[in-house]
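Keep in mind that the numbers below use all heavy atoms, side chains included, and drop hydrogens, waters and symmetry copies.
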Amino acid sequence: MTRYRLVSLLLTLAAGCAAPPQATRLSPPVPTVQATPPSAPTIPDSAAHFSLATTNPGGNGFPGGRGADQVVAYDSRYGTMTHTNSYGVEAVVRGGRVEALGGNNRAIPADGFVLSGHGAGKSWLLGHAVVGARIELRDGTVRAWRDGLTGLTALAVELPLLRAAATDQPALLGRVDSLAAAVAALRASGTATEAQSAQLDRTATELAFRAAPSPAVEGRGVWHRPTETTPEAIRATLDRLQRAGFNLLFLESIWGGHAIYPSQILPQNPTFRGFDPLSVWVAES
């Protein structure tokens, strides 16, 4: 997992901890499965209308039966895969919450369902069916909203990746494990507040930055005007620069019309007369 992937995803979680329910109108509703009404703030009357894949009137001729601008729900009655093409996006829902968002032709969980969207439906899913969002299917509509557990659910999905990134840093790994325990305990309590979720998310973001590997670079350079007049002093300076992380030295060998080395063209800097420091710099580097 790259640093950008991990950090981008954790920062997205910070923005998705809590928001009021969102809704939009899409394809005409059809009869659907029963669902438990959510225990959440009032949900708008309007939400994304969807069709069941097994009875979708607008999906004829399209891969997986997902038509243009639709949101389609796939459950075990349809099969094991959605068989959709690459022109949409899909949310996997278990236990009434989104556990994954992205991709197409998804496996359909036996204990959940997949919401698949194209066009306007895709936009609606990307905007509202974030990982951890609560999802309700009822009366031909799909409703999505965020609560105090939304961010924690998303964190639980990402923590194994964060742990893998910190494997070679024992002290950091301990902090990741402590964070995972705190997230698990708060999720189990079912009483997470927005403030608690946000605090744990900030901790995860910090750990993600610390776990991210430093990318390799071609050169960490420094410009140096030499004053060293002995091989021992030159070696000491090179050792100090190497300890500081530099791997490239730009040595100022001519200034003020004088060279630091014996030259048949320029006069030698009086500081180094009788000594060829440049040859020592080259050899010791």
Note: Arg202-Glu206 ion pair, threshold 4.0 Å (strictly below): no
Should the pair Arg106-Glu90 be classified as a salt bridge under the 4.0 Å nitrogen-to-oxygen rule? no
At what distance, to the nearest 0.5 angstrom, does OG1 of Thr54 lie from OH of Tyr74? 10.5 Å
Is there a donor-acceptor pair closer than 3.5 Å between any side-chain N or O of Thr80 and the backbone N or O of Ser76? no
OG (Ser189) and CG (Leu149) are apart, to the nearest 0.5 Å, by 7.0 Å
Distance col, row Ile234:CD1 vs Thr229:OG1, nearest 0.5 angstrom, shows 8.5 Å
Measuring only between side-chain heavy atoms, which start at C-beta, is Thr153 closer than 4.5 Å to Glu99? no
Decide if the gap between the ring center of Trp124 and the ring center of His118 is smaller than 6.0 angstrom. no
Min side-chain heavy-atom separation Leu248-Arg220 under 4.5 Å: no
Taking Leu249 as the starting point, is it possible to reach Val282 by hopping between hydrophobic residues whose side chains are less than 4.5 Å apart? yes
Quick check on the hydrophobic clustering: are Val92 and Leu137 connected, directly or via other members, by side-chain heavy-atom contacts under 4.5 Å? no
Between Phe272 and Leu278, does a side-chain contact (heavy atoms from CB on, under 4.5 Å) hold up when you go through it step by step? CA-CA 10 Å; Phe272 307 106; Leu278 183 58; over 6 Å; no
Donor-acceptor contact present, side-chain Asn269 to main-chain Ala259, <3.5 Å: no
Spatial distance of atom CG (Leu241) from atom CZ (Phe246) [nearest 0.5 Å]: 6.5 Å
Quick one, Thr230 and Phe275 - any side-chain contact, counting heavy atoms below 4.5 Å? no
Ignoring hydrogens and angles, tell me if any N or O in the side chain of Asn104 forms a donor-acceptor pair with the backbone of Thr84 under 3.5 Å. no
Worked verdict on Gln70 versus Phe50 for side-chain contact (heavy atoms from CB on, under 4.5 Å): CA-CA 7 Å; Gln70 285 190 320; Phe50 75 99; over 6 Å; no
Tell me the closest heavy-atom pair linking Leu126 and Val130, and the distance in Å. O-CG1, 4.4 Å
Go through the side-chain N and O atoms of Ser116 and Arg66 and say whether any donor and acceptor fall under 3.5 Å apart. yes
Check whether any side-chain heavy atom of Leu251 sits under 4.5 Å from a side-chain heavy atom of Pro226, and report yes or no. yes
Search all heavy atoms of Ala73 against all heavy atoms of Leu115 and return the closest pair with its distance. CB-CD2, 4.0 Å
Set out, in order, the CA-CA distance, both residues' side-chain angles and the distance that settles side-chain contact (heavy atoms from CB on, under 4.5 Å) for Lys122 and Val71, then state yes or no. CA-CA 7 Å; Lys122 173 182 177 179; Val71 172; over 6 Å; no
Would you check if the side chain of Asp69 reaches a backbone N or O of Ala120 as a donor-acceptor pair within less than 3.5 Å? yes
Is a side-chain donor-acceptor pair under 3.5 Å present for Thr141 with Asp139? no
Can Val142 be reached from Leu52 by stepping across I, L, V, M, F, W or Y side chains whose heavy atoms are under 4.5 Å apart? yes
Side-chain heavy atoms under 4.5 angstrom apart, residues restricted to Ile, Leu, Val, Met, Phe, Trp, Tyr: same cluster for Leu125 and Ile135? yes
Can you spot which of Leu200, Val157, Asp201 makes a side chain to side chain contact (heavy atoms under 4.5 Å, CB included) with Leu152? Leu200
Minimal non-hydrogen separation, Ala129 against Val98, with atom names: O-CG1, 3.6 Å
So if you build clusters from Ile, Leu, Val, Met, Phe, Trp, Tyr with side-chain heavy-atom gaps below 4.5 Å, do Val131 and Val114 land together? no
Looking only at non-hydrogen atoms, find the nearest pair between Gly67 and Phe62 and report the distance. CA-CD1, 3.7 Å
Looking at every heavy atom in both Ala164 and Thr167, which two are closest together, and how far apart are they? O-OG1, 2.9 Å
Quick one: are Arg143 and His128 in side-chain contact, heavy atoms under 4.5 Å? no
Donor-acceptor under 3.5 Å (Arg225 side chain, Glu252 main chain): no
What closest approach, in Å, do Tyr78 and Ala53 show between heavy atoms, and which atom pair accounts for it? CD1-CB, 3.6 Å
Working for side-chain contact (heavy atoms from CB on, under 4.5 Å), residues Arg94 and Asp111: CA-CA 7 Å; Arg94 279 195 177 99; Asp111 56 347; 2.8 Å; yes
If you measure from CZ on Arg273 to CD1 on Ile260, what distance do you get to the nearest 0.5 Å? 14.0 Å
Working to the nearest 0.5 Å, report the span between CG of Asp147 and CZ of Arg134. 6.0 Å
Suppose the criterion is side chain to side chain donor-acceptor pair (under 3.5 Å): which pairs have a residue in residues 235-244, not counting sequence neighbours? Glu228-Thr237, Arg235-Glu284
Which side chain to side chain donor-acceptor pair (under 3.5 Å) pairs, counting each pair once, include a residue from residues 254-268, with sequence neighbours left out? none
